[in-house]
Chemist: 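Below you'll find the structure I mean.
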Amino acid sequence: MKKHIIILTSILASASVLASCSQELLEIEQHNVIEQDSYYENATDDDAMSLIAGIYRDFYTNLYTAGAPSSGHNPIQEKNCLGGDSYHASDAAVEIQEFSDHALTPNSVALKPFYQHYYAIVKYANLILDKLADDTTVKKRVRAEARAFRGIVYIDIIRYWGTPALVDHVLTPAEAKEITNGDPAELWKLVEDDLLAAAEVLPSKTDKNGQAAIGGRLTKEACYAYLGRAKLWQKDYAGAANYLGKVISSNLYDLLDDPALIYRPAADLSCEYIFEHNSNDENTDNKENQEYRWNSPFLGWRASNIRIPADVIDGSWGYLSPAKEFGEFVYSYDRGADGNLSKRAKTLVISFDDLMTSGWFFNGLVDESGQKVLPTKGSDIVWSAPVNYCGGYFQIRLLTYKEDLFPYTSLYNAYNKRNYPYMRYTEVLLSYAEAVLNTSATAGMSGLDAINKVRVRAGLPALSSYTLSDVKNERRAEMFFENERFFDLVRWGDAATVLANKGKVDYDFYGYKNDGGVGSEWDIRSKEGKKPSGFIAGRDELLPFPLSEIESTNVQQNPGY
């Protein structure tokens, strides 16, 4: 599919709107710079498709990818670091470290783009809703998608900032200066109204394998799934059970048999993905395919310290790694009835001992004749100690495998064929199980069946009954690196306890003591973190508003900042 660009005065400044989000987004010719209102007033169906393609594109690139180092903004790292189960594993890019340590201030470099990119989606959605007519079937669907996006991004905006400004139309310059904090009840009403209105218009899949016919576009059931997420946060458990039950009772979604397929091309447009960014697999020259532009260097293992498996892309910077505490949790909790690590556990993280005995060959580990050999001592893998911010566990989820990439010449143009799932059916099931646990309402499936469906696929034994603790453990394991851990801790009231030492103590990993082999004691050295206070209850549950927002509007700062 070709790259399509619309340049609209006052909409995107010099940014491009790329219409390559799905096979369903039609090929639209490039337009010249034209006056905004006239463009919307006279927009054809193809024009409308190109406008919504821009929102699909920006939703992914601005909110779910790792940006270039010069951007000072890497949202996939920032979101996951907040939850404590992963670290920003480098002393470089200190702006991201502030997210990792809960050390943000209104002046933090990465905070402003993090905030602005959410509101950019709101702005683009409002432009469509305010200015695009609904006089054709295509435009009605585009308007519904815009409304769904506004509702979806406001879920995060509210959860991150508590009382953000409610912006439900295109603001004039004068209005923009006068915006103030929103009322939570009104904000959540906007979310529900938007997603319900979108659900009335958007189509459902035809069957469990029907997403391929729709591509990466939103569906009715995706709107219900996000409504379930919103209701769970508000502790409206009956409402959550209702909306999540609609997704379950549709019988249009299921779990893949093998959890190892998740985040691999084989899972693209599958029965498990509720909503996903659709990478264009036909774009074999990869030059127009920007997916995972910076995720490959950021989200792999740190090649300057540790050898990389031969089938994984080499040269990564290792800026996001599993927390020591998460690795210990997985190796303790995620075990089958036989006591061995579950199928799921093996897709999340790997311990240093298991890495040594994995049978993986590693780049650069060869004998005198140049033949690849297996590691026998710690320095065969940790070749340049220490591995910073590492407690002896290494990520498996979101590793970039060479076979999943388009042809590439370097780490910096290694684009991935895999789709990125924004939400999976596992979240629907676990959220439903939690909601049902807190209300008598059900929607055709019991909460026990919902949580057991996730557990059994993972390779864990089914439960005969369950508690909130079971839900918490399952969400922690199943939804690792899926951007929800911080929100879970906050809404459960667990953040102050679980994240108490966030920023106080960090770890560096040196391999085995005395450079031993498997069975030797790990050489983990703790060091003082960059935030001696740790997580501050009553403050760190919310992010600060950027100083520029406080200075240029009537928005009041969150407590403690």
Side-chain angles (χ1 to χ4, degrees), residues 76 80 83 85-86 208-209 211 225 247-248 252-277 279 295 299-300 309 311-312 320 322 326-351 354-355 358-360 393-401 403-404 416-433 445 449-463 466 470-485 488:
I76 198 170
N80 285 292
D85 279 345
S86 54
K208 289 181 180 180
N209 298 313
Q211 193 68 46
V247 181
I248 294 169
L252 295 174
Y253 297 89
D254 208 342
L255 302 185
L256 297 170
D257 291 336
D258 185 358
L261 299 178
I262 306 301
Y263 292 102
R264 302 295 300 274
D268 292 356
L269 304 174
S270 69
C271 59
E272 185 159 339
Y273 287 2
I274 298 289
F275 181 35
E276 64 201 279
H277 171 74
S279 173
N295 284 4
L299 303 182
D311 57 348
V312 173
L320 190 64
F326 180 73
E328 292 169 344
F329 161 74
V330 169
Y331 269 68
S332 172
Y333 169 77
D334 223 22
R335 292 185 177 273
D338 58 3
N340 294 322
L341 282 176
S342 71
K343 294 186 297 181
R344 175 176 64 195
K346 295 174 184 178
T347 73
L348 302 176
V349 295
I350 188 169
S351 73
D354 285 348
L355 189 60
S358 64
W360 251 334
Y393 297 90
F394 302 85
Q395 79 183 77
I396 297 297
R397 177 166 284 184
L398 278 177
L399 274 184
T400 299
Y401 293 90
E403 67 179 5
D404 295 348
N416 210 305
K417 298 176 184 176
R418 66 186 173 194
N419 289 1
Y420 182 88
Y422 303 122
M423 184 188 288
R424 295 190 293 123
Y425 189 50
T426 45
E427 180 180 343
V428 170
L429 292 168
L430 293 174
S431 295
Y432 178 80
M445 176 184 281
D449 286 345
I451 193 172
N452 276 338
K453 189 172 181 65
V454 177
R455 286 177 59 87
V456 170
R457 196 276 295 269
L460 274 62
L463 300 170
Y466 74 106
D470 295 315
V471 174
K472 289 180 179 181
N473 286 332
E474 278 303 304
R475 287 181 73 92
R476 186 180 187 186
E478 184 66 41
M479 295 169 62
F480 178 56
F481 268 0
E482 294 190 357
N483 312 299
E484 287 295 301
R485 175 66 174 165
D488 283 347

Chemist: Between Asn419 (side chain) and Glu276 (backbone), is there a donor-acceptor pair under 3.5 Å?
Modeler: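 Looks like no, no N/O pair under 3.5 Å.
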Chemist: Nearest 0.5 Å please: distance from the CG atom of Leu398 over to the CD1 atom of Ile262.
Modeler: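 The CD1 atom of Ile262 is 11.5 Å from CG of Leu398, to the nearest 0.5 Å.
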Chemist: Please report the interatomic distance CG(Asp254) to CG(Asn209), rounded to the nearest 0.5 Å.
Modeler: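 Nearest 0.5 Å value for the CG-CG distance: 9.5 Å.
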Chemist: Just wondering, more than 12 heavy atoms not from Asp257 lying within 6.0 Å of its CG?
Modeler: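 No, because the 6.0 Å sphere around CG of Asp257 holds 12 heavy atoms or fewer from other groups.
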Chemist: So which atom in Ile451 and which in Leu430 form the shortest heavy-atom distance, rounded to 0.1 Å?
Modeler: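 Nearest heavy atoms, Ile451 then Leu430: CG1-CD2, 3.9 Å.
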Chemist: Go through the side-chain N and O atoms of Glu427 and Tyr432 and say whether any donor and acceptor fall under 3.5 Å apart.
Modeler: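 Glu427 vs Tyr432: no donor-acceptor pair found between side chains.
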Chemist: So, for Tyr466 and Ala433, which heavy atoms are closest and what is the spacing to 0.1 Å?
Modeler: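 In terms of heavy atoms, the two residues are closest at OH-O, 2.7 Å.
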Chemist: Can any side-chain N or O of Arg455 pair as donor or acceptor with the backbone N or O of Ala462 at less than 3.5 Å?
Modeler: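 Not confirmed, Arg455 side chain does not pair with Ala462 backbone.
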Chemist: In terms of side-chain heavy atoms, does Tyr273 have a donor or acceptor partner in Asp268 at a distance below 3.5 Å?
Modeler: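 No - no donor-acceptor pair under 3.5 Å links their side chains.
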Chemist: Between Tyr422 and Phe275, how do the two ring planes meet: parallel, tilted or perpendicular, split at 30° and 60°?
Modeler: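 Aromatic pair Tyr422/Phe275 classed tilted.
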Chemist: Walk me through whether Asp85 and Arg476 qualify under salt bridge (charged side-chain N to carboxylate O under 4.0 Å, His left out).
Modeler: CA-CA 9 Å; Asp85 279 345; Arg476 186 180 187 186; 2.9 Å; yes
Chemist: Among side-chain atoms of Thr426 and Arg424, is any donor-acceptor pair under 3.5 angstrom?
Modeler: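 On atom types as modelled, these side chains qualify, holding a pair under 3.5 Å.
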Chemist: Considering non-hydrogen atoms only, spot the tightest contact between Pro322 and Tyr393 and give its length.
Modeler: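 Result for this residue pair: CD-O, 4.0 Å.
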Chemist: Start with the C-alpha gap between Phe481 and Leu348, add the side-chain angles, then the distance that decides, and say whether side chain to side chain contact (heavy atoms under 4.5 Å, CB included) holds.
Modeler: CA-CA 9 Å; Phe481 268 0; Leu348 302 176; over 6 Å; no
Chemist: Between the side chain of Ser270 and the main-chain N/O of Leu256, is any donor-acceptor distance below 3.5 Å?
Modeler: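 Side chain of Ser270 to backbone of Leu256, a donor-acceptor pair under 3.5 Å: no, none is there.
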Chemist: Between Arg264 and Asp404, is the salt bridge (charged side-chain N to carboxylate O under 4.0 Å, His left out) condition met? List the steps.
Modeler: CA-CA 7 Å; Arg264 302 295 300 274; Asp404 295 348; 2.5 Å; yes
Chemist: Determine, stepwise, if the pair Ile396 / Val349 fulfils side chain to side chain contact (heavy atoms under 4.5 Å, CB included).
Modeler: CA-CA 5 Å; Ile396 297 297; Val349 295; 5.5 Å; no
Chemist: Side-chain contact, heavy-atom cut-off 4.5 Å: Tyr263 with Pro421?
Modeler: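 Touching, per the 4.5 Å side-chain cut-off.
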Chemist: In Å and rounded to the nearest 0.5 Å, what is the OH to SG distance from Tyr425 to Cys271?
Modeler: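 Between Tyr425 OH and Cys271 SG, I get 9.5 Å after rounding to 0.5 Å.
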Chemist: I'd like to know if the side chain of Ser342 pairs up with that of Asp334 as donor and acceptor (distance under 3.5 Å, no hydrogens or angles considered).
Modeler: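 Yes, a side-chain donor-acceptor pair sits under 3.5 Å.
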Chemist: Spell out, as yes or no, whether a donor-acceptor pair under 3.5 Å connects the side chain of Arg485 to the backbone of Asn80.
Modeler: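 No; judged by distance alone, with no hydrogens or angles, the pair does not exist.
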Chemist: Which atoms form the tightest heavy-atom contact between Val428 and Met423, and what is the distance?
Modeler: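 What the structure gives for the nearest pair is CG2-SD, 4.3 Å.
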Chemist: Work out which heavy atom in Thr400 is nearest to a heavy atom in Val312; give both atom names and the distance.
Modeler: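 Shortest heavy-atom separation between Thr400 and Val312 comes out as O-CG1, 3.4 Å.
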Chemist: Does any non-hydrogen side-chain atom of Leu429 lie less than 4.5 Å from one of Met445?
Modeler: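 Yes, close enough: below the 4.5 Å cut-off.
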Chemist: Can you tell whether the side chains of Arg344 and Glu474 come within less than 4.0 Å, N to carboxylate O?
Modeler: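 Salt bridge between Arg344 and Glu474, a charged N being under 4.0 Å from a carboxylate O: yes.
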Chemist: Taking the basic N atoms (NZ, or NE/NH1/NH2) and the acidic carboxylate oxygens, is any pair closer than 4.0 Å for Glu482 and Arg475?
Modeler: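 Here Glu482 does not pair with Arg475 in a salt bridge, since their nearest N and O are not under 4.0 Å apart.
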Chemist: Measuring from atom CG of Asn452 to atom CG of Leu460, what distance do you get when rounded to the nearest 0.5 angstrom?
Modeler: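 Interatomic distance, Asn452 CG to Leu460 CG, rounded to 0.5 Å: 10.0 Å.
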Chemist: Working note: Arg457 + Glu272, criterion salt bridge (charged side-chain N to carboxylate O under 4.0 Å, His left out); need CA distance, chi angles, decisive distance, verdict.
Modeler: CA-CA 12 Å; Arg457 196 276 295 269; Glu272 185 159 339; 2.8 Å; yes
Chemist: Do Leu341 and Asp354 make a side-chain contact, defined as non-hydrogen atoms from C-beta onward lying under 4.5 Å apart?
Modeler: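 The answer is yes, as the side chains (C-beta and beyond) meet within the 4.5 Å cut-off.
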Chemist: How far apart are the closest heavy atoms of Leu399 and Gly300, and which atoms are they?
Modeler: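 Heavy atoms only, the tightest pair is CD2-CA, 4.2 Å.
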Chemist: Once rounded to the nearest 0.5 Å, what's the spacing between atom OH of Tyr333 and atom CG of Asp470?
Modeler: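 The distance works out to 6.5 Å.
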Chemist: Does Tyr253 form a side chain to side chain contact (heavy atoms under 4.5 Å, CB included) with Ile274? I'd like the steps, not just the answer.
Modeler: CA-CA 8 Å; Tyr253 297 89; Ile274 298 289; 3.6 Å; yes
Chemist: Just how far is it from atom CZ of Phe480 to atom CZ of Phe326, taken to the nearest 0.5 Å?
Modeler: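 Those atoms lie 4.5 Å apart.
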